[in-house]
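The sequence lines fix the lettering, A, B, ..., with proteins before strands; numbering per chain opens at 1.
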Number of protein chains: 2
Amino acid sequence: MNFSKTASYSLNVLSYMATHDNNMSAAFLHEKLSIPYPYLRQVLTSLSKSGFIHSTRGRSGGFAFSKQKSDIFLADIIESTDGLESLNKCILGFNSCPFNNECSMHKVWEETRNGILKVLKSTSLSDLVRTPD
Amino acid sequence: MNFSKTASYSLNVLSYMATHDNNMSAAFLHEKLSIPYPYLRQVLTSLSKSGFIHSTRGRSGGFAFSKQKSDIFLADIIESTDGLESLNKCILGFNSCPFNNECSMHKVWEETRNGILKVLKSTSLSDLVRTPD
DNA sequence: CATAAATGATACCTATTTGTAGCATATTAT
DNA sequence: ATAATATGCTACAAATAGGTATCATTTATG
Ligand code: SF4
Ligand code: SF4
């Protein structure tokens, strides 16, 4: 009942970058966020390939946003890592529903997941900014 | 962003049993729910050990509820499989929050997860019954 | 130019989850 | 009694997720 580590690390990295701006190296992010360095490298590469950020190589290289922070929504980040399909499954784990979509969980779960989706789709990285340390 | 297979299978099995009553064998449940038979066996044993159901061995054995269906809440089932702690983590994946618990996701996520918890804690197996096939 | 500091790419290892197999034991029908 | 049909137990295998290690390439700086 939570996102994968990869998704969490991605949110973590991007939200940190969004609130501190400018170019950041993997080594710096590793130090700040305590994400295992080699794993973090992979996550950053993958975020680059997804188009959220881009890299510059060489001595003072690192990663920076490729798009406006206001154009990157949390749902985009989850979509690129875990996918969002899981939010459309029966919470009881049935593949074919024996209750004709009418058991007492159905509606309430539908509303909950729509709520989650709505928040993820309407919150961009620029919306997160509050009191960064 | 969903429960483990073990948790889903457990919900699936128990909700099926709740709406069809009486003693059921693993073989029968396997046929009805298409859960891999050996895995299902393990799940059923584990649900027995958790006290939701009990088994009787031998030729006409199988599994039946040990408690009133109205006393088994979905939250109990999730607790015994995946645990519920995951619902208390920062959605952005921070261990120590750099936003002083004030980023724009915090409150909304808190409300969402409290909503999920509330539903899981207030829905018992007997509440599920609707139009079983 | 040489060095240091960065990413690109990729192969590998480890832990967890999911799924399989087999034998022991219990109970019922015949 | 014996066979059939159950679960108990437990070891193993496969798939996935999480994490590590290495070397090549790029670029700024002295
Ligand atoms: S009605 Fe209940 S069992 Fe059927 S799909 Fe909806 S949540 Fe699942
Ligand atoms: S304020 Fe935001 S980053 Fe901090 S714990 Fe809450 S959700 Fe996580």
Side-chain angles (χ1 to χ4, degrees), chain A residues 1-14 17 22-66 78 80-83 85-86 89 93 95, chain B residues 1-14 17 22-66 78 80-83 85-86 89 93 95:
Chain A
M1 197 57 196
N2 43 19
F3 301 120
S4 69
K5 290 258 183 182
T6 298
S8 288
Y9 288 161
S10 298
L11 288 166
N12 195 326
V13 162
L14 292 179
M17 287 178 69
N22 293 323
N23 199 67
M24 287 182 190
S25 72
F28 177 80
L29 285 165
H30 162 65
E31 186 179 312
K32 289 295 182 185
L33 303 177
S34 307
I35 298 169
Y37 179 74
Y39 204 144
L40 175 58
R41 291 282 311 281
Q42 292 184 139
V43 168
L44 287 165
T45 297
S46 156
L47 290 172
S48 295
K49 290 186 172 163
S50 299
F52 300 118
I53 52 178
H54 65 272
S55 61
T56 52
R57 298 173 74 166
R59 180 150 181 159
S60 55
F63 299 86
F65 283 106
S66 303
I78 300 297
S80 79
T81 49
D82 293 356
E85 321 80 50
S86 64
K89 291 184 186 161
N95 289 318
Chain B
M1 199 56 196
N2 41 21
F3 300 121
S4 69
K5 290 257 185 182
T6 298
S8 288
Y9 288 161
S10 298
L11 289 166
N12 195 325
V13 163
L14 292 178
M17 287 178 69
N22 293 322
N23 197 68
M24 286 182 190
S25 71
F28 177 80
L29 286 164
H30 163 65
E31 188 179 311
K32 289 297 182 184
L33 304 177
S34 308
I35 299 171
Y37 178 74
Y39 204 139
L40 175 58
R41 292 280 314 280
Q42 292 184 140
V43 168
L44 287 166
T45 297
S46 155
L47 290 173
S48 295
K49 289 186 173 166
S50 299
F52 300 119
I53 53 179
H54 66 273
S55 61
T56 51
R57 298 171 75 167
R59 181 154 181 158
S60 57
F63 300 86
F65 283 107
S66 304
I78 301 298
S80 80
T81 48
D82 293 356
E85 321 80 51
S86 63
K89 291 183 184 160
N95 288 320

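Here B:Ser4 lies in heavy-atom contact (under 4.0 Å) with sugar-phosphate atoms only. Backbone-only contact: B:Thr6 has heavy atoms under 4.0 Å from sugar-phosphate atoms and none from a base. Among the protein residues, B:Tyr9 comes within range of the sugar-phosphate backbone only, with heavy atoms under 4.0 Å from sugar or phosphate atoms but none that close to a base.
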Decide side chain to side chain contact (heavy atoms under 4.5 Å, CB included) for B:Leu33 and B:Val13; before the verdict, give the C-alpha distance in whole Å, the side-chain angles of both, and the deciding distance to 0.1 Å.
CA-CA 8 Å; B:Leu33 304 177; B:Val13 163; 4.0 Å; yes
Apply side chain to side chain contact (heavy atoms under 4.5 Å, CB included) to the pair A:Phe52 and A:Ser10, showing each step before the final yes or no.
CA-CA 10 Å; A:Phe52 300 118; A:Ser10 298; over 6 Å; no
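Atoms NZ and CG, on B:Lys32 and B:Asn12 in that order, are 13.0 Å from each other to the nearest 0.5 Å. Here the CE-CG distance, from A:Met1 to B:Asn2, works out to 8.0 Å after rounding to the nearest 0.5 Å. Distance check, rounded to the nearest 0.5 Å: CD of A:Glu31 to OG of A:Ser25 gives 9.0 Å. Annotation: the span from A:Phe65 atom CZ to A:Met24 atom CE amounts to 8.0 Å, rounded to 0.5 Å.
Residues B:Ser55 and B:Phe63 approach most closely at CB-CE2, 3.6 Å, considering heavy atoms. Of all non-hydrogen atoms in A:Ser60 and A:Asn23, the two that sit nearest each other are O-ND2, 3.7 Å. Across all non-hydrogen atoms, the minimal contact from B:Ala7 to B:Thr81 is CB-OG1, 3.3 Å.
Of the possible donor and acceptor atoms, none in the side chain of B:Asp82 sits under 3.5 Å from a partner among the backbone N and O of B:Phe3.
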Check: residues 40-51 of chain B side-chain donor-acceptor pairs under 3.5 Å, at least two apart:
unit_1, atom_1, unit_2, atom_2, d
B:Thr45, OG1, B:Arg41, O, 3.0
B:Ser48, OG, B:Leu44, O, 3.0
B:Ser50, OG, B:Ser46, O, 3.0

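In this structure, A:Leu44 places its CG atom 19 Å from P of C:dA5, rounding to the nearest Å. Per the geometry, CZ belonging to B:Arg41 stands 12 Å off C1' belonging to C:dT25, to the nearest Å. Distance CZ (B:Phe3) to C1' (C:dT17): 17 Å, rounded to an integer number of Å.
Within residues 30-40 of chain B, the residues approaching DNA chain C are B:Pro36, B:Pro38, B:Tyr39, by heavy-atom distance under 4.0 Å.
Taking every nucleotide of DNA chain D with any atom under 4.0 Å from a non-hydrogen atom of chain B, the first and last of them, 5' to 3', are D:dA4 to D:dA11.
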What's touching nucleotides 28-30 of chain C from the protein side, N or O pairs under 3.5 Å?
none

Check: protein-nucleotides 13-16 of chain C nitrogen or oxygen pairs below 3.5 Å:
none

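An end-to-end axis angle of 10° holds for the helix from C:dC1-D:dG30 to C:dT30-D:dA1, taken from five base pairs per end and rounded to 10°.
Between A:Lys5 and A:Ile35, every side-chain heavy-atom pair lies at or beyond the 4.5 Å cut-off.
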